[in-house]
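Just so it is clear: chains get the letters A, B, ... in the order the sequence lines come, proteins before strands, and each one is counted from 1. All values below come from the heavy atoms of this structure, side chains included, with hydrogens, waters and symmetry mates left out.
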Number of protein chains: 2
Amino acid sequence: MLSQKTRYAIRAMQHLADHYGQGPIQLAQIAEAQNIPAKFLTTILSELSRFGIVDSQRGKDGGYRLAVSPIDITYGDLIRLMRGSLALVPCASRFAHEKCKNCLEEENCRTRALMLEVRDRTAELLDGVRLSDRIDPVPAQADSQN
Amino acid sequence: MLSQKTRYAIRAMQHLADHYGQGPIQLAQIAEAQNIPAKFLTTILSELSRFGIVDSQRGKDGGYRLAVSPIDITYGDLIRLMRGSLALVPCASRFAHEKCKNCLEEENCRTRALMLEVRDRTAELLDGVRLSDRIDPVPAQADSQN
DNA sequence: GTATTCTCAACTTAAAAAGTTGACAATATG
DNA sequence: CATATTGTCAACTTTTTAAGTTGAGAATAC
């Protein structure tokens, strides 16, 4: 599962993408529109700013804007940035590879191949959609198979 | 990421699958072979036993065995059982659907469609591999793209 | 009846996530 | 330059979840 913080970050970035080219957007406005605790958003936006993916401006009429065109930011980028990896297990991460704690040797791991496949397919999907894309919302019934 | 507990559960189940039809396997043996803290494994196996997916037998020469043929248990099943869902966000879960906390309305969520796609592709992969399958281990270099 | 093995709720500890505080730094404007 | 506005950031608190342990008990075999 994505953390709440990651989800907030995604929504904040969507908000900035939706107002791309319209000058700086204030934190308070994003917080309100996206239903994110303002003080917490502070932490998140500063982080994104340190990552270089948003620019900030202080003082009156300051705020935040994307440092990059929304066409150049994928959901995969955001998730990797915030949570470090798209993989289900540390040893299946491509960018943040790590040995799984208490595991047997990777060479004879029974699930690593599968986990790598999952991570690759996930990446394919998440890297295929950009902040500039407006995705059609899913109608409510589409998901009531349970 | 999968929790440590889920990973332990998977390995324990693999161990039982590998010894399917050979009578009950003792917890201590699984713990040792799979490098899982024995006392913690106690909790995990009891849980799996309550789920009805393993059978247990007490007393001398007791132990655990799969309650179902390993051909009828997929990795998807195990992960769903242990962590409740395969999805990245609560609202994209098919079996444990839930509203995402602090989110906007699902009807105009910008990522739900994508998240549902990810969950479906993940499920397709994870439900396509069974405990009876021996997967070829991935050679160490295959993953060194970083 | 005793040794063995699983059961399970209650507990502890540790770690991560979520969120807040408050002092400070940059900028705009009068 | 004074002041209001807005972002910065490290330190902190609180809450939640994960990880693991304890110990008394119940079933079974011999």
Contact state string [nucleotides 17-30 of chain D, B base, S sugar-phosphate only, - no protein heavy atom under 4.0 Å]: --SBBBB-BBBBS-
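Atom pair A/R83:CZ and C/dA18:C1' shows a separation of 17 Å (rounding to whole Å applied). Between the CD atom of A/E47 and the P atom of D/dC9 there is a distance of 11 Å, given to the nearest Å. We find that CD1 of A/I44 is positioned 9 Å from P of C/dA18, with the value rounded to whole Å. Separating the OH atom of B/Y64 from the C1' atom of C/dT5 is a distance of 8 Å, rounded to the nearest angstrom. The distance from atom CZ of B/R65 to atom P of C/dT5 is 15 Å, rounded to the nearest whole Å. Rounded to whole Å, the distance from CG on B/D55 to C1' on C/dT7 is 15 Å.
At a threshold of 4.5 Å between side-chain heavy atoms, the hydrophobic network of Ile, Leu, Val, Met, Phe, Trp and Tyr places A/M13 and A/I71 in two separate groups.
In summary, A/D18 and B/R110 engage in a salt bridge, as defined by a charged side-chain N under 4.0 Å from a carboxylate O.
For A/R121, the salt bridge (Lys or Arg N to Asp or Glu O under 4.0 Å) criterion is met by A/E124, not counting sequence neighbours.
A/Q57 has its side chain within reach of A/P24: a pair of non-hydrogen atoms, C-beta onward, lies under 4.5 Å apart.
Cation-pi geometry between B/R130 and B/Y75 is not met: the NZ or CZ atom fails to fall both under 6.0 Å from the ring centre and inside 45° of the normal.
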